[in-house]
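In this text the structure is predicted, and so the values were computed from the model without any measurement. Atoms considered below: every heavy atom in the structure, side chains included; atoms not considered: hydrogens, waters and symmetry mates.
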Number of protein chains: 2
Amino acid sequence: MTADEHAMLVRAARMYYVDDASKVEIAETLGVSRFKVARLLEQARERGVVTITVHDAGTLVPELAASVATHLGLRRAVVVEAAGGEADVRTEVGLAAAHLLGETLHEGEVVGLAWGRTLTAMSAAMPPLPRVDVVQLTGAVGADLDESPVEVVRRVALRSGGSARPIFAPLVVDDPRTADALRRQPDVAAALRMFDDVTTAILAVGSWDPPVSQLLDALPPGDAAALREEGVRAEVATILIGDGGEVLATQFARRCITIRADQLRRIPRVIAVAGGLAKAKATMAVARSGLLTELVTDRSLAEAVLEMPPVTTARPEA
Amino acid sequence: MTADEHAMLVRAARMYYVDDASKVEIAETLGVSRFKVARLLEQARERGVVTITVHDAGTLVPELAASVATHLGLRRAVVVEAAGGEADVRTEVGLAAAHLLGETLHEGEVVGLAWGRTLTAMSAAMPPLPRVDVVQLTGAVGADLDESPVEVVRRVALRSGGSARPIFAPLVVDDPRTADALRRQPDVAAALRMFDDVTTAILAVGSWDPPVSQLLDALPPGDAAALREEGVRAEVATILIGDGGEVLATQFARRCITIRADQLRRIPRVIAVAGGLAKAKATMAVARSGLLTELVTDRSLAEAVLEMPPVTTARPEA
DNA sequence: GGATATAGTGCTCAAATGAGCGATCCGCAC
DNA sequence: GTGCGGATCGCTCATTTGAGCACTATATCC
């Protein structure tokens, strides 16, 4: 093909697709028949001079969602399309979780929130909610106020008009004694008592292998290495989980201000929010733990967990 | 907008743009009127759910080319669109240079070739050429055989069916004495004699500030620093040039096996090939040197040099 | 309640477009 | 020259599509 032909291809493509000119107009401008123009445009698409992309990020994939729910023994799953990097995936999955809450929360519920970048994204996209009370399920971590559990709780409560019960205490402290003392703090104790009233909990999934976890990032290297030795592969709300879904009762737990697995198990609705291939193994482990009732995720994670053996021990129906 | 509406938008867009379904078909599938479908598709484009891109890389921009030729005092300029990174720009500009040669070389010419990644790209895209003899204008540099001047010469000669006269000697040696000895080598001497017969020379432009030059990369750091001190800002075929276009006669030149500026000036047609914003200043300097008669470049470099003061000292007509 | 925007919907009719077809042109073998 | 693909071109005719308009539902203000 000559340079002239190519130039004509590009010119026709510009006029048709960018300037919305009709093929007849283009034909007149270029001095060729309208049929020629049609053939040029056809070629332009074949050769990749013109590319048309449909961005389906954010679209629900109900068929996949149904398979995933069955496969993981959950009452419901939500699967969205997501493209791009980790941050984009988090935004999409967070948005989907926000929508899910917007559509399914009932007035008067008590919502428990863990934290993580995905939940930060969720709280940022939260639509108006019915009046619910919101409680933080774990202590606070990290210096970045914008991503802290407190902020997540604040924003969700704001959208609902209900009360917010944050926990102004560190998630992990140096020894069990300090943790006990903190738990006795009136404000903290009030939050912990509220755990028994939670009707819907929202959790992010942390992966330890590969390491995609805000908790893991925040932990002192010594702790992280020791826990990994003990078989930790995933975590939700600072509850540590092994590959087979077993909840690992570690000394570490005594140093954390957070909800316990037995408490979480009594909550009627527990939603995990996690996207991206890297979190697939961890999400599978969490699903096996039987702590969850629902999952919000993206296509890549959904397809990955469907490749793994199904979860057989379903959580009892609510 | 609800998630359902969004899903419908995406679905309609997929069917129309990807599967080439008619709006009537889509209307039937989705159970809405064809007008609704038309409006959905309109929205899809407005909202960026559907994006249409016309890739015009490689298209000539004749208006710019004319301005650049005038501005730089050249007989001709070729300007192409190029998008993407440095490598993409080199490919496009190289392709344009290859086309230019394919269209303008005459049988029996003697073509002199310098080297550089742009010229490597050019030689890779070379169309069949009339029978011409090809001579290498500089010694060889670097370990990468694929990018060596010898390879460039070989490929161009191959496309034309004419003879190739490579220079199997290093471009730079440690002292002038060695260089002299090399220049007396029969094969090298034959090439050097051929410089006087060259009718068309093709040169890449090396930039020293910012540093975008294969020569600069290949030079010992000591040499490079010293030459930069002497005011070198650009180079073509190892001829070193200052900001004002002055050819810098350095001791360094005596250690190089390469064409001299005075020889280059006697060649009737000297084409520089260079693309990318980073090479704009260097290309301008080379243009001021009066060594060139033509330039092949991309839009970004063309627009950049048009922002600089014009070249007043044109090279005499051939 | 009633008047008035406002957005969304589906219609008609004319213009734009695609599918398929025969005409034409070119390169090549005989 | 003659005959034979193969490619390209522009035609007709049926289908698809867009522009503009009238209609309806909903919200909003008086």
Quick one: does B/Asp133's side chain have a donor or acceptor within less than 3.5 Å of a partner on B/Ser163's backbone? yes
Measure the distance from CD1 on A/Ile26 to P on C/dG18 and round it to the nearest whole Å. 11 Å
Identify the heavy atoms of A/Ala27 and A/Ser33 that sit nearest to each other, and give their distance. CB-C, 3.7 Å
Among A/Glu46, A/Arg47, A/Arg45, side-chain hydrogen bond (donor to acceptor under 3.5 Å, both in side chains) partner for A/Gln43: A/Arg47
For B/Val49 versus B/His6, what's the shortest heavy-atom pair and its separation? CG2-NE2, 4.3 Å
From NZ of A/Lys36 over to P of D/dA7, roughly how many Å is that when rounded to an integer? 15 Å
Interatomic distance where CE belongs to A/Met15 and P belongs to C/dA16 [whole Å]: 15 Å
Return a single string for nucleotides 14-20 of chain D, one symbol per nucleotide in 5' to 3' order, where B is base contact, S is sugar-phosphate-only contact and - is none, cutoff 4.0 angstrom on heavy atoms. --SBBB-
May I ask you to decide if A/Thr118's main-chain N or O and A/Arg90's side chain share a donor-acceptor pair within less than 3.5 Å? no
In this structure, how many angstroms lie between the P atom of D/dG10 and the CG atom of A/Leu30, rounded? 13 Å
Testing the basics here: between B/Pro166 and B/Gln136, what is the closest heavy-atom pair and its distance to 0.1 Å? CA-OE1, 3.3 Å
What is the distance, rounded to the nearest whole Å, between atom CG of A/Leu41 and atom C1' of C/dA19? 17 Å
